[in-house]
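For reference, the structure is listed below as structure tokens.
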Amino acid sequence: MKNSEIFLIRVRRRLLDAADKCVLPLEFLGAVAAALPSLFRKKGLRLREFRYYLALCGSKSLPIVLLISLLMGGVLGIQAALQLTKFGAEIFTADLVGFSVLKEFGPLMVAIILTGRAGSAFAAELGTMKVNEEISALETMGIRPVGYLVLPKLVAMLLAMPVLTVFGDVAGIFGGMAIGVSVLDIPFAAYWSRTIDVLDGITMLLGILKSVVFSLLITLAGCFYGFQSTSDAQGVGRSATQAVVASIFWVIVADALLTVLYSFIGY
Amino acid sequence: MTGNANLSSDVIEVRDLSIGYGKRTVMEHLDFSIRRGEIFGLLGGSGCGKSTLMKHLIGLYRPQKGDIRIFGESIVAAPPERRREMMRRFGVTYQGGALFGSLTLSENVALPLQEFTDYPPEKIDRIVREKLALVDLADFGNYMPAEISGGMKKRAGLARALALDPELLFFDEPSAGLDPLASAALDRLIRSLRDKLGATVVIVTHELDSIFSIADRVIMLDKSVKTAAAIGDPRELKEHSGNAWVKSFLNRDGLKGA
């Protein structure tokens, strides 16, 4: 065989491999979509699992979300104040902190915390189930693993993340306020009324909408890589890593896209 | 039997089957049938593809070539929904039990009943207790899988596989990791299940002790020729097989496997 032919064969194989890699996530998305209608059937959502994941993603994540958001708000407050004092415009710290927290850092911090807490847990859990042949056992019982295992996680995340984002938003604004009041000597009442004046419900809602999109991405990435895990301990570790890297990547891509989209509609 | 045209006593028919991973073929030209009510062993050294063959028989993997008919219907050609329905007619017991870690033993056994029957909770409870008693785990219903031993997990997995009273039972290495006494007890249990329920049993194993004590017939998979070296009664094959590999395998110490 000529060198050129060998080269072409290699190119062809690479292309086919790449195509395979694209097909897998699509297949997974298709399976999830196909399972969605079962949510509305009797016994459709496994309440017990749903409650477990709601606690894992929701209430148990609340303390860390509050702490991280508070710190983030404080950090934003300091950075904003350092620049704004140059113009004697300290009071605008309230604007900067308020808008960045509601539109960006609230949803983003919650997404990053839940990627670490939930996304990686989903991947490791499904990977371990694969090692233990639990997924095969589900299949041979005639139960669709995707519907059975993904839906409780998905619904729990869809509910938990927007609520956490609201808490994160409030904590972030208080973080900025704490800095404004204590370091910049802005009177509390002034900072507060400035915050209330500039922020509106729509801004907050758009941030919450982001968190809904992020919750989808984190759950799907976690579950997808969990199902892709090879049946060994290293495979489980790899799938958890891939899930975290992929979900942070997609969350930031989606954040960028949504931010651009929002700017078109004037927000 | 579902009352269709298939009146033969063969529960599983395998025709010119090739199996493997990706493009690599591990076994080819497999042709055999498994009869109603028999205990059939899939036997071979480690890595010969016997577990893989079982996963093809239960419809988890797609063969590279050939056909598998179960209860007279091809599981290879069946669309996914139909395949899932066919799967509900058999019980599969996995090497490690494959119990769901977040559920107690009782809940594990109850799961298929909750999914596929409309039985009231009391009836499900009764069936669960019955199945756990059958595998000697009557007092362990409230334990989590992580709290019990490997042998108990296997038996609990068996109880779950029996929940829907399957006509066909598959065992993947039932005695692997068990001490000789526990393994002999499990063999007795498998035989009594066949005798009591009239189920057809397919066992993947490399343990000669259990093959000689319970299997009616075996298929012996020889990885050096990538196909079946012999099919028949293991006791007869041990004495009279014309195939040197078969004879040496069956006459060797079972623990050494291949």
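Just so it is clear: chains get the letters A, B, ... in the order the sequence lines come, proteins before strands, and each one is counted from 1. The structure displayed is predicted, hence computed values, not measured ones. Only this structure's heavy atoms are used, side chains among them; waters, hydrogens and symmetry mates stay out.
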Donor-acceptor pairs under 3.5 angstrom involving side-chain atoms of residues 126-145 of chain A: please list them, not counting sequence neighbours.
{"unit_1": "A:T128", "atom_1": "OG1", "unit_2": "A:A124", "atom_2": "O", "d": "2.7"}
{"unit_1": "A:K130", "atom_1": "NZ", "unit_2": "A:F227", "atom_2": "O", "d": "2.8"}
{"unit_1": "A:K130", "atom_1": "NZ", "unit_2": "A:S229", "atom_2": "O", "d": "3.2"}
{"unit_1": "A:N132", "atom_1": "ND2", "unit_2": "A:E134", "atom_2": "OE2", "d": "3.2"}
{"unit_1": "A:E133", "atom_1": "OE2", "unit_2": "B:K55", "atom_2": "NZ", "d": "3.2"}
{"unit_1": "A:T140", "atom_1": "OG1", "unit_2": "A:S136", "atom_2": "O", "d": "3.0"}
{"unit_1": "A:T140", "atom_1": "OG1", "unit_2": "A:A137", "atom_2": "O", "d": "3.1"}
{"unit_1": "A:T140", "atom_1": "OG1", "unit_2": "B:Y94", "atom_2": "OH", "d": "2.9"}
{"unit_1": "A:R144", "atom_1": "NH2", "unit_2": "B:E81", "atom_2": "OE1", "d": "2.7"}

Which region of [X], side chain (C-beta onward) or backbone (N, CA, C, O), has a non-hydrogen atom less than 4.5 Å from a non-hydrogen atom of chain A, or is it both or neither?
X: B:R83; answer: neither
X: B:L99; answer: backbone
X: B:F90; answer: backbone

Within residues 231-256 of chain A, which positions have a heavy-atom distance to chain B below 4.5 Å?
none
Please say whether more than 12 non-hydrogen atoms of neighbouring residues, nucleotides or ligands are located less than 6.0 Å from [atom1] in [X].
X: B:Y143; atom1: OH; value: no
X: B:R62; atom1: CZ; value: yes
X: A:Y52; atom1: OH; value: no
X: A:D17; atom1: CG; value: yes
X: B:F32; atom1: CZ; value: yes
X: B:Y61; atom1: OH; value: no

Within residues 101-108 of chain B, which positions have a heavy-atom distance to chain A below 4.5 Å?
B:G101, B:S102, B:L103, B:E107
Listed once per pair and sorted, the ring-ring contact (aromatic ring centres under 6.0 Å, His included) pairs that draw on residues 107-157 of chain A, sequence neighbours left out:
A:Y53-A:F122
Less than 4.5 Å to any heavy atom of chain B: does that hold for the side chain of A:E125, its backbone, both, or neither?
neither
